[in-house]
Amino acid sequence: MRVNTMLFTQTMSSLLSASLPLQSALSICSEILNGRQERKFIRKILKGVNEGNRLGDVLSEFGGMFSPLYIALVSIGEESGNLAKVFERLSAYMKASRKMKQKMVQSLAYPMLVLATAVLVVFVLVLFVMPRLEGIFMAFSESSQQIVVKLEEMKSNLTFFAVMLGVLLLSSIVLFLVHRLSEEAAYFIDSMAIRIPVVGNVCKALQIHDFSFAMKILSDAHFPLVDSLVQAAEVVSNAALRRALLKIGESVSDGDDIGECFERNRVFPRYLSVWMKVAEKNGDASRAFNEIYEYYSMECENLLSGVSEFAEPIFILLTGGVIVLVIGQFVIPVFNLLGAL
């Protein structure tokens, strides 16, 4: 079932903020979101709520449509009677996350498209153009051994380059599939990713941004700290960072100081461990995570802007390299062969 979860969250936030009961808000939401899939989806939710089930439990029946954190926050909102506030914050968070993703995609779309076009040209030359050129040159000069040697050399160079590109593409696909299917492989790959200078900084900033938002909401709801760490870790997609958070949760449950736990775990920035110590000393975890969230919201904006400015010339250089290679290994040799006829 394809449903726009952000639109659903925004609509529910607006309706619940108007002090409407949950059933009424869901009923009106089904009228406003009049798409076939959305209406079917909301009617299922409304039916479950009318049968006496909690909204969080009903949402959990929809597979991976909602994250464990989303469901946990909705359940907390129901228990605390503050469901409207939870939907309002979820709506703001989803809009901010979508804005960041769109900014990254827009900044990298053009240079990646140009690079992909250049790579496609190489494959077209190897698979379609070279065989035809070979036939043409051989027809004009069957007796010239020099032309045969040149053609074979040109063909070998282009084929080697195409094979290398194919291996790189295949390796990327295999890594992606292994990351999805194996938890240990995902941990290893993600551990390597966060150690890469620029990529690692961006990855950590995005993950801590999501983690701090979850902790801020859970702290506002006075959720137990250890349970909050476990729930908030679910929003972290990097396996290495998620495992580190779960280990910190175990250490805190054993009686260790949360600030010291974050400081000992070198995978997290010092800024985070300092604010954990502040929260521990003044007992105001909600304010600490609010400060962390605001800081990393700004940090993510700056990093994404820097990455887009840095990535564009890199992709342009890569594209230029492919073009130079095509000229050197194909265009110039073709003209030399034409001159030899």
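When a residue number appears, it is its place in the shown sequence, counting from 1. Only heavy atoms go into these numbers, but all of them, side chains included; no hydrogens, no water, no symmetry mates.
- Shortest non-hydrogen contact noted between K277 and G259 is CG-CA, 3.7 Å.
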Taking it one step at a time, do R54 and S75 satisfy side-chain contact (heavy atoms from CB on, under 4.5 Å)? CA-CA 7 Å; R54 292 186 176 185; S75 299; 5.6 Å; no
side-chain contact (heavy atoms from CB on, under 4.5 Å) between M94 and Q10, intermediate numbers included: CA-CA 9 Å; M94 292 174 78; Q10 290 174 323; over 6 Å; no
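- Cluster membership check: F268 does not share its hydrophobic cluster with M192, using side-chain heavy-atom separations under 4.5 Å among Ile, Leu, Val, Met, Phe, Trp and Tyr.
- The hydrophobic cluster containing V230 does not contain V267, counting ILVMFWY residues as joined when their side-chain heavy atoms lie under 4.5 angstrom apart, directly or transitively.
- Contact check for D210 versus V236: no side-chain heavy atoms found under the 4.5 Å cut-off.
- Taking 4.5 Å as the limit, some side-chain heavy atom of E299 sits within range of a side-chain heavy atom of Y295.
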Could you check T5 against F62 for side-chain contact (heavy atoms from CB on, under 4.5 Å), going step by step and ending with a plain yes or no? CA-CA 11 Å; T5 54; F62 288 89; over 6 Å; no
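- With values rounded to the nearest 0.5 angstrom, E291 atom CD is found 10.5 Å from S286 atom OG.
- Here salt bridge (Lys or Arg N to Asp or Glu O under 4.0 Å) pairs that include residues 264-276, with residues two or more places apart or in two chains, are D256-R264.
- Remark: R89 engages D220 in a salt bridge (charged side-chain N to carboxylate O under 4.0 Å, His left out) (not counting sequence neighbours).
- Between F176 and I173 there is no side-chain heavy-atom pair separated by less than 4.5 Å.
- I194 has its side chain out of reach of Q207: every pair of non-hydrogen atoms, C-beta onward, lies at least 4.5 Å apart.
- Taking the six-membered ring where the residue is Trp, Y70 and F66 present tilted rings, their angle falling between 30° and 60°.
- Side-chain atoms of E78 come within 3.5 Å of backbone atoms of G56 as a donor-acceptor pair (strictly under, hydrogens ignored).
- A distance-only check finds no donor-acceptor pair linking the side chain of S24 to the backbone of L20 [under 3.5 Å].
- Between I208 and Y271, every side-chain heavy-atom pair lies at or beyond the 4.5 Å cut-off.
- In this structure, E183 does not pair ionically with R242, as no charged nitrogen and carboxylate oxygen lie closer than 4.0 Å.
- Looking at L46 and S27, their side chains come closer than 4.5 Å, going by heavy atoms from C-beta outward.
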Are F262 and V274 close enough, and set up right, to give a side-chain contact (heavy atoms from CB on, under 4.5 Å), and what steps lead you there? CA-CA 9 Å; F262 272 95; V274 168; over 6 Å; no
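- Comment: E61 does not engage K44 in a salt bridge, judged by the lack of any side-chain N to carboxylate O separation of less than 4.0 angstrom.
- Rounded to the nearest 0.5 angstrom, I28 CD1 and M12 CE are separated by 9.5 Å.
- Note that CG of L59 and CE of M65 are 9.5 Å apart. Values are rounded to the nearest 0.5 Å.
- Looking only at side-chain heavy atoms (C-beta outward), I45 and L55 come within less than 4.5 Å of each other.
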Just list the side-chain donor-acceptor pairs under 3.5 Å for residues 245-253, sequence neighbours left out, or say none.
from: S251; atom 1: OG; to: K247; atom 2: O; distance (Å): 3.1
from: S253; atom 1: OG; to: G249; atom 2: O; distance (Å): 3.4
from: S253; atom 1: OG; to: E250; atom 2: O; distance (Å): 2.6

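- Between A214 and A232, the shortest heavy-atom distance links the atoms CB-CB, 3.7 Å.
- Under the 4.5 Å side-chain heavy-atom criterion for grouping Ile, Leu, Val, Met, Phe, Trp and Tyr, L175 is not connected to I196 through any hydrophobic cluster.
- For R39, the CZ atom sits in a packed shell: over 12 heavy atoms of surrounding residues, nucleotides or ligands are nearer than 6.0 Å.
- When all heavy atoms of V86 and G77 are compared, the closest pair comes out as CG2-CA, 3.7 Å.
- To the nearest 0.5 Å, atoms CD1 (I292) and OG (S297) are separated by 11.5 Å.
- The same ILVMFWY cluster, assembled from side-chain heavy atoms under 4.5 Å apart, contains both V278 and Y296.
- Linking ILVMFWY residues whenever their side-chain heavy atoms come closer than 4.5 Å, directly or via other members, leaves I189 and L177 in distinct clusters.
- Inter-residue side-chain proximity for E260 and M276 is flagged as unmet; no heavy-atom pair is nearer than 4.5 Å.
- Closest heavy-atom contact between S60 and I71: CA-CD1, 3.5 Å.
- Ring geometry for F87 against F8 counts as perpendicular: the plane angle is over 60°, on a 0 to 90° scale with 30° as the lower cut.
- For the atom pair CG of L16 and OG of S91, the computed distance is 11.5 Å after rounding to the nearest 0.5 Å.
- For the pair K216 and F289, the cation-pi test (distance below 6.0 Å, angle within 45°) is failed.
- The distance from the CD1 atom of I42 to the OG1 atom of T11 is 7.5 Å, given to the nearest 0.5 Å.
- Side-chain atoms of S219 come within 3.5 Å of backbone N or O of M215 as a donor-acceptor pair.
- Smallest separation of non-hydrogen atoms from C203 and N238: SG-ND2, 3.5 Å.
- Here the closest non-hydrogen pair linking S237 and D190 is O-OD2, 4.0 Å.
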